[in-house]
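Okay, structure first, notes after.
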Amino acid sequence: MIGAIPLNNGEYKEFWEEVVENDYEILSYILIENNSIITKRKNGLFLNKKYPDQEGIYPEDIYSKSNHHKIHSIKRLSDGEIFTVDDIVQIGIDKNRKINIVSISSNDNRFFINGMCIKSYNINKAKQLLFKTEDGVDIYKEDNYYYIQTEEGPRFLYPWKVMKINHHRDEIKPSIKSIKRFSTKEKAEEWIIMNKPCLSLNNIFTMCDLDDIDMRRLKSIVKNKLK
């Protein structure tokens, strides 16, 4: 091609400039004065969060060069992980580090969380703790577990049956008191054996050699339960 100058390996090295590919995409900024959030829209421009259905209007330079705005959330492009101020992250073996500030290096375009470069440190979103099971095990988001419904009625189709929750299914609200949750099927089955009302007093009297005093005590306990 006329005018083209072929370059050999290493030729004109002094004119070469290293191209640094960003491993991030800034998703939102926060205005320091009043904590209002400005989010990136599908058209690549930004707009205040209070207008969720509108396209962006303002370019990123307005906020990146402003002393009145800070980065509020950012995406790591290598794996799509999103980090937001106040998120809890895991850094190495430290599972409960709160994100206070997200910043960008002006020299090499790397981004930092609490002053630590995400390429140099093992930083990941910490799993969200949902609840503690009846057998004392912490259950985090995406964990599987087992549960028992202790009420009968049309709302509960399988009372006193051990059911499994897979992490991809809808979560059962922890506020439902008749639901008992367990880390394993065996723990759930053991709890049923120890807690399901299934023996009458006659069953107990037949199996156990009780004196009159113990029999009267048991009858009194049952009467109080039936009130």
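What you see is a predicted model; the values in this text were computed from it and never measured.
- Thr84 places no side-chain N or O within 3.5 Å of a backbone atom of Asp87 that could act as its donor or acceptor partner.
- Residue pairs that meet the ring pair (Phe, Tyr, Trp, His ring centres under 6.0 Å) test with at least one member in residues 36-60, sequence neighbours left out, are Tyr29-Phe46, Phe46-Tyr63.
- A donor-acceptor pair under 3.5 Å is formed between the side chain of Thr206 and the backbone N or O of Asn202.
- Under the rule for a salt bridge (charged side-chain N to carboxylate O under 4.0 Å, His left out), the partners of Asp138 that lie at least two apart in sequence or sit in another chain are Lys132.
- Take Lys98 and apply the salt bridge (charged side-chain N to carboxylate O under 4.0 Å, His left out) test, not counting sequence neighbours, and it matches Asp86.
- A heavy-atom distance below 4.5 Å is found between the side chains of Leu77 and Glu25.
- Proximity of a side-chain donor or acceptor of Asn124 to a complementary backbone N or O of Gln90 within less than 3.5 Å is not detected.
- Phe131 pairs in a ring-ring contact (aromatic ring centres under 6.0 Å, His included) with only one of the listed residues (Phe182, Tyr140, Tyr145), which is Tyr145.
- Under the side-chain hydrogen bond (donor to acceptor under 3.5 Å, both in side chains) criterion, Asp61 pairs with no residue, sequence neighbours left out.
- Using modelled atom types, no side-chain atom of Asn48 and backbone atom of Ser36 make a donor-acceptor pair closer than 3.5 Å.
- At least one side-chain heavy atom of Ile32 sits less than 4.5 Å from a side-chain heavy atom of Lys70.
- Looking at Asn114, its side chain does come within 3.5 Å of a backbone N or O of Asn100 through a donor-acceptor pair.
- For the pair Ile30/Val85, no side-chain contact is recorded, criterion being any heavy-atom separation below 4.5 Å from C-beta on.
- Ser103 meets the side-chain hydrogen bond (donor to acceptor under 3.5 Å, both in side chains) test with no other residue; sequence neighbours excluded.
- Partners of Arg41 according to the side-chain hydrogen bond (donor to acceptor under 3.5 Å, both in side chains) rule, which considers only residues two or more places apart in sequence or in another chain, are Thr39.
- Closest heavy-atom contact between Ala188 and Ile148: O-CD1, 3.3 Å.
- Annotation for Asp209: atom CG does not count as buried by contact number, only 12 or fewer foreign heavy atoms lying within 6.0 Å.
- Proximity of a side-chain donor or acceptor of Thr150 to a complementary backbone N or O of Ser178 within less than 3.5 Å is detected.
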